[in-house]
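All heavy atoms count here, side chains included; hydrogens, waters and symmetry mates do not. Quick note on labels: first sequence line is chain A, next is B, and so on, each numbered from 1.
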2 protein chains.
Amino acid sequence: MYLVNEKEYNCSVAVTLDIFNDRWKLSIIWHLLNGDMRFKDLHETVNEITQKTLTVKLKELEEKKIIHREVYAEVPPKVVYSLTCSGKKLKPVLQEMYKWGIDYVQECGKITNDHVCKSSIL
Amino acid sequence: MYLVNEKEYNCSVAVTLDIFNDRWKLSIIWHLLNGDMRFKDLHETVNEITQKTLTVKLKELEEKKIIHREVYAEVPPKVVYSLTCSGKKLKPVLQEMYKWGIDYVQECGKITNDHVCKSSIL
DNA sequence: TCTATTACTTACCTAAAAGAAAGTAAGAGT
DNA sequence: ACTCTTACTTTCTTTTAGGTAAGTAATAGA
């Protein structure tokens with residue numbers, strides 16, 4: 001049995017799935033893989049996320065030690081988010097998701113034009 | 001732009017994340033990677049899922065052509081679920097999640113005893 | 001003094017996900 | 001005739017996630 005944050009799991013996949021069972025966390029990680037970002041950047045980049053949800057999700061990720069929050073004593077405020085070591089290790093997971101998405105679109109969807117994301121992480 | 005089921009995405013990761021943004025689908029896939037299963041088997045194996053939720057999630061996965069549903073004309077009923085080609089291709093995603101989980105537990109959790117899942121897929 | 005900027009918080013509300021519990025259909029076995 | 005089994009469906013309720021909109025703090029610059 002695995003014990004993480006007072007929860008028990010009988011499989012390490014369950015640990016991972018339990019952390020990332022929402023709409024936003026992996027999306028945030030995906031963007032942070034391209035480099036550190038401020039709150040505002042994430043708010044603008046992560047598709048349609050609201051400020052409140054972003055705050056909540058960032059807090060959860062920080063508590064789980066997947067991202068790091070660095071506050072600068074400036075005005076207006078500056079807070080930079082970056083991936084921890086654990087966070088960076090999610091890269092292969094997202095790369096496989098990226099690949100699967102492309103494959104799935106080829107079978108069950110279509111590409112409508114060329115405005116496709118150019119992530120530098122691949 | 002990618003178009004899948006009348007939805008638009010600008011990144012293939014978004015396609016994947018949008019399909020698997022719930023608590024259950026990837027967990028179901030994970031179990032099906034070990035072999036085809038009947039409804040009852042999944043209900044017993046997938047941790048704590050209710051019948052209703054299982055029905056809903058299986059239907060969603062079937063609509064998205066990630067699993068296949070085979071009905072046998074028997075009494076009592078027999079319905080066997082299996083992964084489609086797209087479904088099977090999720091294996092690398094889940095393998096990376098499995099690895100990440102183990103790594104994460106080592107940094108942020110602990111292993112309490114030896115009752116850990118022995119999946120044959122790795 | 002007034003406005004702009006950033007990173008939030010707060011209060012309230014809605015929609016979606018999920019759970020609980022019971023019911024159904026269709027025979028097969030006793 | 002009665003029970004058992006499987007794979008559901010149905011209804012009703014609860015929980016959770018997430019959205020909206022407004023407010024706040026601190027200071028720099030016009």
Interatomic distance, B:Lys40 NZ vs D:dT5 P [rounded to whole Å]: 8 Å

Sugar-phosphate only, base, or nothing, as touched by B:Tyr72 at under 4.0 Å among non-hydrogen atoms: nothing

Protein-nucleotide distance (A:Ile19, atom CD1; D:dA17, atom C1'), rounded to Å: 18 Å

Nucleotide C:dC8, atom P - distance to CG of A:Asp41 in whole Å: 12 Å

Between D:dT5 (P) and B:Arg38 (CZ): distance, integer Å: 13 Å

Nucleic acid footprint by protein, nucleotides 16-30 of chain C - heavy-atom cut-off 4.0 Å, B for base, S for sugar-phosphate alone: --BBB-B---BBS--

Nearest-angstrom distance from the residue atom NZ of B:Lys59 to C1' of D:dA7: 11 Å

Same cluster (ILVMFWY, side-chain, under 4.5 Å), B:Val80 and B:Ile66: no

The single option from B:Ile67, B:Leu58, B:Leu61 passing side chain to side chain contact (heavy atoms under 4.5 Å, CB included) against B:Lys25: B:Leu61

Atom pair OG (B:Ser86) and NE2 (B:His68), whose distance is rounded to the nearest 0.5 Å: 14.0 Å

Point-to-point distance, once rounded to the nearest 0.5 Å, from CG of A:Leu26 to OG1 of A:Thr16: 9.5 Å

Rounded distance (Å) that lies between atom P of D:dA28 and atom CD of A:Glu74: 11 Å

Under-4.0 Å side-chain N/O to phosphate OP1/OP2 contact, B:Tyr81 with D:dC8: yes

Protein-nucleotide distance (A:Leu54, atom CG; C:dT10, atom P), rounded to Å: 17 Å

Geometric class of the B:Tyr98/B:Trp30 ring pair [parallel <30°, tilted 30-60°, perpendicular >60°]: parallel

Between P of D:dA17 and CG of A:Leu58, the distance in whole Å: 16 Å

Partner set under ring pair (Phe, Tyr, Trp, His ring centres under 6.0 Å) for A:Tyr104, not counting sequence neighbours: A:Trp100

